[in-house]
Amino acid sequence: MPSLLIVILISYFAKSSLADPRATEIALICTNETATVPQRQVFVSNFLAAMDTLTPLINLQGYAAVVNGTGNTTVYAYGECMKDLDQTDCNLCFAQCKTQILKCLPFQLATRGGQNFFDGCYLRYDAYDFFDESLSAQDRTVCADQDFQGNTTVFKDNAIELVKNLSVQALKNDGFFVGFVTTGNVTVYGLAQCWELVNSSACQSCLENAVSKIESCAPKREGRVLNAGCYLQYSPYKFYNNSGLVGGGNEGLSARSNLATILAVTSSVVALVLIIIAAIFFVKMKLVKKRRERKQLGALVATVNKSKLNFSYDTLEKATNYFHDSNKLGQGGSGSVYKGILPDGKVVAIKRLFFNTTQWVDHFFNEVNLISNIHHKNLVKLLGCSITGPESLLVYEYVANQNLHCYISAGNNVQPLRWDVRYKIILGTAEGLTYLHEESKLRIIHRDIKLSNIVLDEDFTPKIADFGLARLFPEDKTHISTAIAGTLGYMAPEYIVHGKLTEKADIYSFGVVVIEVVSGKKCNSFRQASYSILQMVWNLNGTGRLVEAVDPVLEGNFEDASRLLKIGLLCVQANAERRPAMSVVVKMLTQNHEIPQPTRPPFLNTSGVETTSPSIPRQNYYSQPDSYTQSSGTSMTQSWIEPR
Ligand SMILES: *[C@@H]1O[C@H](CO)[C@@H](O)[C@H](O)[C@H]1NC(C)=O
Ligand SMILES: *[C@@H]1O[C@H](CO)[C@@H](O)[C@H](O)[C@H]1NC(C)=O
Ligand SMILES: *[C@@H]1O[C@H](CO)[C@@H](O)[C@H](O)[C@H]1NC(C)=O
Ligand SMILES: *[C@@H]1O[C@H](CO)[C@@H](O)[C@H](O)[C@H]1NC(C)=O
Ligand SMILES: *[C@@H]1O[C@H](CO)[C@@H](O)[C@H](O)[C@H]1NC(C)=O
Ligand SMILES: *[C@@H]1O[C@H](CO)[C@@H](O)[C@H](O)[C@H]1NC(C)=O
Ligand SMILES: *[C@@H]1O[C@H](CO)[C@@H](O)[C@H](O)[C@H]1NC(C)=O
Ligand SMILES: *[C@@H]1O[C@H](CO)[C@@H](O)[C@H](O)[C@H]1NC(C)=O
């Protein structure tokens, strides 16, 4: 047997033009905790802050550990790429991994930690310091379903020998090694890596554990061990990239090392011949693959180039003065927005998307195509995009007068908006939403209606920004979790609690906007008093004093304004079915359409208000969503009792 074992080293093959970030998810592991997580929103916002800090560090050094927050809401986060990935691929893999781990956060009621293993990278967060942990209760072994096609005995022996050697070699080489073992036509490739912060004794016990577990996979065609402190994989495919690595002799193993190791000349003539044959074979395969990939990407690039929507990355980069900070207009959940001046002098707004991978380029372009065909006076026009550069960019029409948020938040030195302007803004927003929900060919739910997503042009015509973007992220919960952190006050209860998304969620958010615009008060999302405007307006409505909620600067229009507040209350009813459709809202705004009595909004504080039906204590709605659903089914209007 040992004489049959001929091991060859194949390195430095022609650099392929299309790198592979191995952004494939192996396992997302969310840890359950039965106890209620204290101060959940704080934990979530610490988590997001940790991710923001982590990303540039990983882009810099391939791994990073970050701690954010204090006390029992502290978030520990750790990310690392496989060491054979180059920096670009690492960034791409991590960006994907990050979007997926968000699934552990918002809707799973008691999850507190999460780990996400990708083929090319790893990310973990938790509420305790796990940085030097090597083994944990969540560790997994993931074997392929099918056996290796071929001589399974040989494959199994090779796989076991390989992983043993890899784990030994990794310990001597900063915790990382890749390699393969070949017998006849059976080759097994493997990778072993310990995370940077795991010390060598912990790395050793982690890999030893991994080797013993992965043995149970063989002769399944692939095996992976996902431990808290290390990662081990074997496969019949050459999944790793050793072109940036240094070979450690003719054993078929490679390490990441600074030593300039010169490849030993193989003594055996047989081996030499084999190398040449294998080299020709692999080069040929590579060329075929490369040609195919080029053809595919070529077709897409051609479509994009032909379309009017295409902007070159260079043009947009120059238009924004290389994304200079002074051109930055704002920062949203999906990316930052810059003001840009195109070569023909046209002013545009350019959105730099935060989440960006080459994998959904195709899908992305189709969506942009669809959305750019949507035209309405109350929607910000999408002019085009750039998808072939290093990051995806969207180009929008530029709107002069900032967003509504700047006019409503207190303390700003802006002239308060007049009544007719406020009315125009509310009506225009309602018309824009009617178009998105009911009139356009696509049924679009915005998901993130809020003051800052309503921009105003020079004559204060409102335009809804960022619509349709949500469609671009069908798989992940990015928008949702960002929204949870940033715009909780605008989110419909059924959406927060059950993740149930319909037009009614937009209508709820619209209702909050109406109440804010008419009352001139901002609904502050994070504080305990987060629903206090809703509560105040609701209370005043119950006592027939709705006029008192109207912004006092609106002299003389209190009757009309309180009619609008009532429409706002209709839109924020806890019971989604009772909220009127947007087209009905437009009718209420423009015609003398009857306005029914609204029922209760969700999440009211019990202090100051007594109810006969069970109320929903705020801290409970995460842990017991069902109790909320039941209570919202009963008629709230009757059960409401005037505060003392
Ligand atoms: C392999 O790594 C090298 C350098 O690290 C890089 O240039 C190349 O694009 C990578 N190839 C693949 C297929 O990832
Ligand atoms: C976590 O909780 C969910 C829902 O209760 C359950 O389906 C899942 O199996 C649990 N996972 C673990 C690791 O306990
Ligand atoms: C957490 O992140 C926020 C926002 O990036 C930052 O202001 C704060 O200083 C960080 N806190 C800690 C403890 O690192
Ligand atoms: C978490 O910490 C906060 C303040 O640090 C405290 O008020 C709260 O009771 C703590 N919760 C738990 C469950 O320990
Ligand atoms: C290595 O880390 C482990 C914790 O995982 C710790 O118990 C051990 O003392 C460390 N060993 C050394 C030599 O630092
Ligand atoms: C697998 O290979 C070994 C060694 O070459 C040989 O002895 C054995 O018969 C083969 N098994 C099968 C099923 O081909
Ligand atoms: C490997 O070689 C054996 C005979 O040595 C042959 O039966 C088998 O089909 C080959 N497998 C592949 C995948 O080429
Ligand atoms: C793996 O290790 C064993 C024992 O140390 C050795 O005999 C064998 O040649 C090694 N294999 C490779 C592929 O390095």
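These values consider heavy atoms only, across backbone and side chains, with no hydrogens, waters or symmetry-generated copies. Each ligand, and each atom within it, is numbered from 1 in the order the structure gives.
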Check: Should S134 be listed as contacting ligand 5, given a heavy-atom distance under 4.0 Å as the test?
Finding: no
Checklist line | Y240 and Y189 aromatic ring geometry - parallel, tilted or perpendicular at 30°/60° bounds | finding: perpendicular
Notebook entry, point to check: If we ignore angles and hydrogens, is there a donor and acceptor under 3.5 Å between the side chains of Y78 and E133?
Noted result: no
Notebook entry, point to check: Excluding sequence neighbours, so at least two apart, what forms salt bridge (charged side-chain N to carboxylate O under 4.0 Å, His left out) with K220?
Noted result: D147
Checklist line | Listed partners of K339 passing salt bridge (charged side-chain N to carboxylate O under 4.0 Å, His left out), at least two apart | finding: none
Margin query: I'd like to check which ligand 5 atoms, numbered from 1 as shown, lie under 4.0 Å from a non-hydrogen atom of S201.
Written below: 1 (C), 11 (N)
Check: Say you draw a straight line from CG of N158 to OG1 of T153; how long is it, rounded to the nearest 0.5 Å?
Finding: 10.5 Å
Item checked: Gap between atom CZ of F118 and atom CZ of R22 - 0.5 Å precision -> 12.5 Å
Margin query: I'd like the contact residues of ligand 3, where contact means a heavy atom below 4.0 Å.
Written below: A49, V67, N68, G69
Note to self: If we set the cut-off at 4.0 Å for heavy atoms, which region of N199 has an atom near ligand 5: side chain, backbone, both, or neither?
What the structure shows: side chain
Next item on the list: Return yes or no for this condition: an N or O of E133 is under 3.5 Å from an N or O of ligand 5.
Entry: no
Check: Do any nitrogen or oxygen atoms of D132 come within less than 3.5 Å of a nitrogen or oxygen of ligand 5?
Finding: yes
Notebook entry, point to check: Taking all non-hydrogen atoms of both residues, which atom of F131 and which atom of V67 are closest, and how far apart?
Noted result: CE1-CG2, 3.9 Å
Note to self: Suppose we screen for ring-ring contact (aromatic ring centres under 6.0 Å, His included). Which residues come up paired with F239, at least two apart in sequence or across chains?
What the structure shows: none
